[in-house]
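The next block holds one structure in the form of structure tokens; read it before the comments.
No experiment lies behind these values; they were computed from the predicted model shown.
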Amino acid sequence: MNNIHIPPVVKNLLIINVIFFAASFMFKDSQGGYLLVEKLSVFYFDSPFFKIWQPITYMFMHSPGTFMHIFFNMFALYMFGGVLESRWGAKRFLNFYLITGLGALGLQWAVQAFEVYQIAGTAMPGQALYHLQNLTEAQVQTLIGIYNGPMLGASGAVFGLLVAFGMLYPNTELYILFIPVPIKAKYIIPVYILFELSMGVARVQGDSVAHYAHLGGALIGFILVKLWKDKDNNRFYRYYE
């Protein structure tokens, strides 16, 4: 254990996420609801519940209803983030993490705005939303989900890390749960991205995962790595390549 090295930004991100997760259980309203989830998760930008700080704070919140949400995100942050921070340095890594998290939210909002526009004729109906007529039950449920449903978690930024790792260290062999043989990153990560795309398009009933946010983080991560790799093409890296 004494030989484990966690770079400073990854270490602090892990600590902040754990603190936010623990604090979620400490602050509840009179009905037993989680106040921090209501205040620090991010809502659709036209929702009355949206606050200006939420695009940042949502990245550090995780569902208090399950330990697996924060566990898998933090495990991926530790496994892949440490390698990337060691390569890029603290400042660039932190920029990458925050930008991909914002990119994840951007794509999720874009998809939601399109859905609202199809129903209401505008992406920002505001108070007029509550006076729309002749809506089907499915349309009403879609609007309720968009306006009242918060998004939380580091998954968008984590998907950016996965894509960056796959691009920079494509031949690294990874062990995947329930698969007994190692698979190179350049194969498994694109398959995972395609799976998220298919789940987002399929819109499976009862699926509360923000698949387009995952894809947004992955897309921004891909763009940033391409830009930075081209800019730094005079530098040579050997670790895991």
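Between the OG atom in Ser47 and the CE atom in Met124 there is a gap of 11.0 Å [rounded to 0.5 Å]. The CZ atom of Phe45 sits 10.0 Å away from atom CD1 of Ile146, with the distance rounded to the nearest 0.5 Å. Rounding to the nearest 0.5 angstrom, the gap separating the OG1 atom in Thr66 from the CZ atom in Phe71 is 11.5 Å. Here the straight-line distance linking atom CZ of Phe49 with atom CG of Asn148 works out to 5.0 Å at 0.5 Å rounding. Atoms CD1 and CZ, on Ile99 and Arg92 in that order, are 10.5 Å from each other to the nearest 0.5 Å. Put simply, CE on Met74 and CD1 on Ile15 are 12.0 Å apart, with the number rounded to the nearest 0.5 Å.
Connection of Trp53 to Ile56 is established within a shared hydrophobic cluster, with ILVMFWY side chains joined at heavy-atom distances below 4.5 Å, either directly or through further cluster members. Under the 4.5 Å side-chain heavy-atom criterion for grouping Ile, Leu, Val, Met, Phe, Trp and Tyr, Tyr117 is not connected to Tyr147 through any hydrophobic cluster. Neither Tyr97 nor Ile19 shares a network with the other; the hydrophobic side chains, linked directly or stepwise wherever heavy atoms of I, L, V, M, F, W or Y lie under 4.5 Å apart, form separate groups for each. In the hydrophobic clustering of ILVMFWY residues, with side-chain heavy atoms under 4.5 Å counting as a link, Leu161 and Tyr187 come out together. Under a hydrophobic-cluster definition in which Ile, Leu, Val, Met, Phe, Trp and Tyr are linked whenever side-chain heavy atoms come within less than 4.5 Å, directly or via other members, Leu219 and Phe114 are assigned to different clusters.
At least one donor-acceptor pair under 3.5 Å links the side chain of Thr57 to the backbone N or O of Leu40. Between the side chain of Gln139 and the main chain of Thr136, a donor-acceptor pair closer than 3.5 Å is present. No side-chain donor-acceptor contact under 3.5 Å links Trp88 to the backbone of Val83. When atom types are taken as modelled, the side chain of Glu38 and the backbone of Gly33 share no donor-acceptor pair closer than 3.5 angstrom. Looking at Tyr212, its side chain never comes within 3.5 Å of a backbone N or O of Gln112 through a donor-acceptor pair. Not a single donor-acceptor pair under 3.5 Å links the side chain of Glu173 to the backbone N or O of Ala185. In terms of modelled atom types and a separation under 3.5 Å, the side chain of Thr100 and the main chain of Gly160 share no donor-acceptor contact. Using modelled atom types, no side-chain atom of Gln118 and backbone atom of Glu115 make a donor-acceptor pair closer than 3.5 Å.
Between Phe96 and Trp228, the ring planes lie tilted relative to each other; the angle falls in the 30° to 60° range. Note on ring orientation: taking the six-membered ring where Trp is involved, the planes of Phe159 and His214 are parallel (angle under 30°, cut-offs 30° and 60°). Ring geometry for Tyr34 against Phe25 counts as perpendicular: the plane angle is over 60°, on a 0 to 90° scale with 30° as the lower cut. By the 30° and 60° cut-offs, the orientation of the rings of His69 relative to His62 is perpendicular.
Between Ser24 and Met61, the shortest heavy-atom distance links the atoms OG-CE, 3.4 Å. When every heavy atom of Ala213 is checked against every heavy atom of Gln108, the shortest pair comes out as N-OE1, 3.2 Å. A pairwise comparison of heavy atoms in Leu105 and Tyr58 identifies N-OH, 3.7 Å as the closest pair. Across every non-hydrogen atom of Lys51 and Pro55, the tightest pair is O-CD, 3.8 Å. Listed here is the closest heavy atom pair of Leu143 and Ile119: CD1-CG2, 3.8 Å. What you find for Val37 and Pro64 is that their closest heavy atoms are CG2-CD, 3.8 Å.
Within the 4.5 Å cutoff, the side chain of Leu35 has no heavy atoms near those of the Lys28 side chain. Proximity of Phe93 to Leu13: side-chain heavy atoms (C-beta onward) are separated by under 4.5 Å at one or more points. Here the side chains of Val9 and Lys91 are not in contact, with every heavy-atom distance at 4.5 Å or above.
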Given side chain to side chain contact (heavy atoms under 4.5 Å, CB included), test Leu84 with Tyr169 step by step and report yes or no.
CA-CA 10 Å; Leu84 294 172; Tyr169 308 111; 4.2 Å; yes

Check the pair Leu77, Leu14 against side chain to side chain contact (heavy atoms under 4.5 Å, CB included), reporting the backbone distance first and the verdict last.
CA-CA 8 Å; Leu77 173 59; Leu14 291 171; 3.7 Å; yes

Does Ile16 form a side chain to side chain contact (heavy atoms under 4.5 Å, CB included) with Phe21? I'd like the steps, not just the answer.
CA-CA 9 Å; Ile16 293 171; Phe21 183 70; over 6 Å; no

Assess the residue pair Tyr44 and Val116 against the criterion (side chain to side chain contact (heavy atoms under 4.5 Å, CB included)); give the C-alpha distance rounded to whole Å, side-chain angles, the decisive distance to 0.1 Å, and a yes or no.
CA-CA 10 Å; Tyr44 181 58; Val116 174; 4.1 Å; yes

What side-chain donor-acceptor pairs closer than 3.5 Å can you find for residues 126-135, not counting sequence neighbours?
unit_1 : atom_1 : unit_2 : atom_2 : d
Gln133 : NE2    : His131 : O      : 3.2

Show me the side-chain donor-acceptor pairs of residues 150-158 shorter than 3.5 Å, one per line, residues at least two apart or across chains.
unit_1 : atom_1 : unit_2 : atom_2 : d
Ser155 : OG     : Asn73  : OD1    : 3.2
Ser155 : OG     : Asn73  : ND2    : 3.1

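Taking the six-membered ring where the residue is Trp, the centroids of Phe50 and Phe43 are separated by 6.0 Å or more.
Summarising the local packing, CE of Met68 is surrounded by more than 12 heavy atoms from other residues, nucleotides or ligands at distances under 6.0 Å.
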